[in-house]
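Okay, structure first, notes after.
Numbers restart at 1 for each chain; the letters A, B, ... are given by sequence-line order, proteins then strands.
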Amino acid sequence: MARGVLRAAAATLLALTVLCGVAYPVVVTATARLCFAWQADGSLIRARDGRVIGSAWVGQPFRARGYFWGRPSAVAGDARTSGGRNLGPRNPALIAAVTTRVAAMREADPAHRAPVPVDLVTASASGLDPDISPAAARYQAPRVAEARGLSVLQVEQLIDDHVEARVLGVLGEPRVNVLRLNLALDALGAGPR
Amino acid sequence: MTAIGVLQLGLWATVLTLLAWPLGAYMARVYRGEAKVAARVLGPIERAVYRFAGVRADEDMSWRRYATALLAFNVGGLVLVYLLQRLQGALPGNPESLPAVAPPVAWNTAVSFASNTNWQAYGGETTMSQLVAALGLTVQNFVSAATGMAVLVALARGFARRRAHGIGSFWVDLTRSTLYVLLPLALVLAPLLVSQGVPQTTAGHHVAAMLDVTAAPDGDAPAQVIAVGPVASQVAIKQLGTNGGGYYNANSAHPLENPTPLSNFLEALAILLIPAATCIAFGRLVVARRQGVALLATMWLLFVPFVALTLWQEQRGNPALDAAGADQTATSAQAGGNMEGKEVRHGIAASALWATATTAASNGSVNSMHDSYTPLGGLGPLALIGLGEVAFGGVGSGLYGLMLFAIVAVFLAGLMVGRTPELLGKKIEVREMKMASWGLVVPHLATLAGLALACVTAEGVAAVANPGPHGFSEALYGFASAANNNGSAFAGLDAAGPFYATALGVCMFVGRYWVILPVLAIAGALARKQAVPPSAGTLPTDGPMFVALLAGTVVLIGALTLLPALALGPIAEHLLP
């Protein structure tokens with residue numbers, strides 16, 4: 001009996017491996033390629049000359065004053081890996097990090113004294129969050145406008161054009177994709193200074 | 001709790017229930033061999049599997065033989081996953097040339113995926129080749145879930161049969177669960193996820209030129225490497241099979257694993273879909289449909305208070321961040337609240353909902369980092385794991401776990417009125433009580449023993465990332481997650497070292513199979529019994545009173561074992577000045 005069970009176990013495992021480990025991913029890959037080729041490849045955004053300049057879903061690091069900045073990242077925007085900082089709510093390291101980031105936001109725009117929208121000074125879960133909240137984008141508008149020689153109104157209009165609302169008014173949160181927003185800024189013509 | 005939180009919870013619960021009902025009815029037909037339409041397509045494949053394996057579809061196994069077959073199959077899978085990882089460097093399908101995985105992590109991962117836990121002591125995109133992910137991990141995602149469903153079906157037969165020797169065939173239950181339930185659902189979900197932006201390709205990585213060249217790390221070229229691969233196929237089944245093992249390290253928080261609010265909604269539905277449907281299927285298999293509804297109601301009753309707690313606490317935010325100069329108020333322009341370790345597109349509501357659903361369901365995938373939750377916000381997920389993964393729980397395993405509690409509940413009720421307890425027309429006697437106690441006590445024992453060991457060893461203490469009670473919570477969460485086969489983590493814990501990799505592996509093994517064996521023993525014992533006709537003194541087990549009694553039993557046993565540990569962790573952290 002023991003040998004019969006072992007043989008059945010090994011053979012069933014092999015058969016299900018072929019079905020679930022080979023046939024299933026092959027069918028899904030083929031379907032994806034046929035119906036959603038762009039998404040299946042990673043939703044790549046390309047420049048006019050075809051160079052890949054990012055993925056629509058992967059947050060890119062920005063540091064120049066004339067670009068909108070994304071969320072703090074535990075992996076410094078390196079998309080080879082991913083993850084959060086995993087600091088507990090009362091960890092002194094968390095408080096110190098948030099304090100430093102608030103100070104950096106104020107230093108970049110000394111006239112702006114309001115509290116900083118929380119998503120701009122807390123690390124995201126993935127380290128690759130592509131979005132910021134509309135509040136976080138508007139907070140940065142005066143700095144970006146000044147660095148690019150645009151009016152604040154122009155920049156705020158651009159932000160409003162890029163706000164994605166909740167799906168069906170219920171799911172998710174209003175958000176702005178930072179890479180797309182910055183690409184739109186560059187398209188306005190006035191380069192970052 | 002915010003209005004948007006209530007709305008999202010309501011929409012999700014409604015759609016979930018509407019889908020679970022027909023799915024449960026279909027599953028009951030599948031296990032009875034009455035799913036005629038599906039069998040026209042899948043029947044030939046099913047029979048080919050039996051022919052190839054040399055098994056008879058009509059075999060009726062004793063519970064011992066059923067358990068032997070189950071263990072042989074699971075150990076076989078465990079060995080295969082271990083060998084694939086150890087030989088990774090020499091095998092094809094490895095475009096990034098990743099080396100062999102170290103033995104403790106390979107053992108941990110093999111147990112983890114075979115036992116439907118999917119604890120990940122490694123970062124997916126930097127550790128596992130595409131071949132290992134497909135042949136090892138994805139396959140176990142299917143068959144470990146199917147194993148749990150098989151055990152539940154065997155238990156249902158134990159209740160339904162009279163004076164019978166067998167509880168069905170493991171090979172048939174396993175194959176049907178995979179072929180008729182898991183594969184079709186995954187084949188629907190995976191392309192939907194691709195449509196939202198989850199990659200599905202055999203290519204390796206893309207290199208993107210960065211827009212802001214000044215933001216490149218010092219000395220590095222201004223380029224961003226974007227990891228892609230066969231992501232959607234793995235994500236679909238890890239959500240449906242309450243597995244939870246992600247393609248990327250950040251799991252479903254990674255924007256390529258879960259890019260949009262809609263993908264998040266679909267993945268969150270998939271977490272609880274089959275666990276909810278098994279209640280309906282079980283009710284039909286034991287020919288007591290109202291029983292299935294009562295079990296589902298019990299699960300919701302246990303689940304909702306914890307969602308409410310976590311939503312409320314996370315939206316309140318972290319007072320220390322206000323003091324540091326952050327604005328945490330919820331407005332139309334931002335979600336506000338405690339955003340550390342959360343993604344903007346999910347905000348507070350979708351993160352808190354997922355965190356509680358994934359821990360209620362022994363799924364263990366995450367779309368936010370639980371380690372950074374507020375103390376009481378993080379208590380919700382931790383407590384749901386600690387209750388034993390029965391408020392929904394894993395596919396199959398959640399409901400057979402809840403049935404162990406049901407046996408204890410009718411026993412308690414029987415003591416109160418001085419009658420022999422009965423459940424679904426079967427007398428509950430010494431053997432059933434003994435086995436139920438084993439199944440309930442052993443995972444708790446593994447949790448607390450492992451935690452105690454971690455607290456007194458140098459390596460156990462060194463691996464925690466946060467100071468104070470929060471560090472204790474990290475270790476507690478880790479062992480509870482492993483012993484109850486959840487797989488999520490307070491991820492600051494460095495679990496890749498030999499101590500945690502080995503100890504958590506043991507907990508996962510014990511927490512899975514030392515529950516399955518007692519459940520199968522109970523199924524065998526029940527099947528042999530004659531049915532007792534209900535009398536005036538029989539406690540109805542499908543009404544509100546039993547739902548309350550059962551939920552009370554679950555909370556009581558959970559509180560008795562875990563309250564002291566919870567007091568040292570999240571509760572102490574909350575109360576500290």
Side-chain angles (χ1 to χ4, degrees), chain A residues 5 8-9 11-13 15-17 20-21 25 28-29 31-32 36 39-43 51-55 57-58 61-64 67 79-80 82-84 86 88-89 91 95 98-99 102 115-119 121-122 124-126 128-131 133-135 167 170-173 175, chain B residues 7 49 52-53 55 69 72-73 76 134-135 139 142 190-191 194-195 197 199-201 206 208-209 212 214-215 224-226 228 230 233 248-250 253-256 259 261-262 265 318 320 324-328 333-335 339-345 347 368-369 371 374 466 470 491-492:
Chain A
V5 168
T12 308
L13 183 61
L16 294 181
T17 299
C20 306
V28 175
T29 309
T31 315
F36 312 106
Q39 292 97 318
D41 204 31
S43 309
R51 272 180 320 132
V52 176
I53 48 177
S55 162
W57 306 120
V58 179
F62 290 96
R63 200 187 281 166
Y67 279 123
R80 274 171 296 191
S82 58
N86 290 313
N91 192 329
I95 317 302
V98 173
T99 310
V102 169
V116 185
V118 63
D119 56 304
V121 291
T122 45
S124 65
S126 62
L128 303 170
D129 195 338
D131 304 310
S133 67
V167 177
V170 181
L171 301 178
E173 298 293 337
R175 62 205 187 279
Chain B
L7 263 176
V49 172
F52 180 69
V55 300
F73 180 78
L135 292 190
V139 173
F142 280 97
V194 179
S195 80
Q200 178 70 28
T201 170
H206 295 295
D212 181 0
T214 64
Q224 187 183 37
V225 176
I226 296 167
V228 293
S233 53
Y248 298 106
N249 186 43
H254 195 295
L256 283 175
L262 199 55
F265 186 70
N318 182 350
D327 177 9
Q328 299 185 81
Q334 69 164 11
M339 284 300 288
E340 174 71 24
K342 297 192 181 69
E343 300 276 298
V344 166
R345 63 193 178 284
S368 59
M369 293 300 143
D371 211 346
T374 58
N466 284 281
H470 199 82

Closest-packed option against chain A by number of heavy-atom pairs under 4.5 Å, given [options]:
options	result
A208(B), P255(B), A326(B), P199(B)	P255(B)
G347(B), A253(B), A209(B)	A209(B)
A190(B), A69(B), A250(B)	A250(B)
S368(B), A320(B), A72(B), A324(B)	A324(B)
G76(B), P191(B), S195(B)	S195(B)
T374(B), I226(B), L262(B), V228(B)	I226(B)

Could you tell me which non-hydrogen atom of [X] sits nearest to which non-hydrogen atom of [Y], and how far apart they are?
X	Y	result
V344(B)	R175(A)	CG1-CB, 3.8 Å
R63(A)	A215(B)	N-CB, 3.7 Å
F52(B)	A15(A)	CD2-CB, 4.1 Å
P134(A)	A333(B)	CD-O, 3.0 Å
V118(A)	M339(B)	CG1-CG, 3.7 Å
T29(A)	T201(B)	CG2-CA, 4.5 Å

[X] versus chain A, the contacting section by heavy-atom distance below 4.5 Å:
X	value
E340(B)	both
P230(B)	neither
H254(B)	both

Between [X] and chain B, which part of the residue has a heavy atom less than 4.5 Å away: side chain, backbone, both or neither?
X	result
V28(A)	both
S43(A)	side chain
S55(A)	both

Polar side-chain atom of [X] near backbone of [Y] as donor-acceptor pair, under 3.5 Å:
X	Y	answer
E343(B)	S126(A)	yes
D327(B)	P115(A)	no
N466(B)	N91(A)	no

Considering only heavy atoms and a distance below 4.5 Å, find which of [options] pairs most often with chain B.
options	answer
A40(A), S133(A), A32(A)	A40(A)
P89(A), G84(A), G172(A), G21(A)	P89(A)
I95(A), T12(A), V98(A)	T12(A)
A125(A), A79(A), A8(A), G83(A)	A125(A)

Practice problem: Evaluate the criterion side chain to side chain contact (heavy atoms under 4.5 Å, CB included) for residue pair L16(A) and F73(B); output intermediate values, then yes/no. | Solution: CA-CA 11 Å; L16(A) 294 181; F73(B) 180 78; 4.2 Å; yes
Quiz item: Measuring from Q334(B):CD to E173(A):CD, what's the distance to the nearest 0.5 Å?
Solution: 10.0 Å
Self-check item: Trace of the side chain to side chain contact (heavy atoms under 4.5 Å, CB included) decision for D129(A) with K342(B)
Solution: CA-CA 9 Å; D129(A) 195 338; K342(B) 297 192 181 69; over 6 Å; no
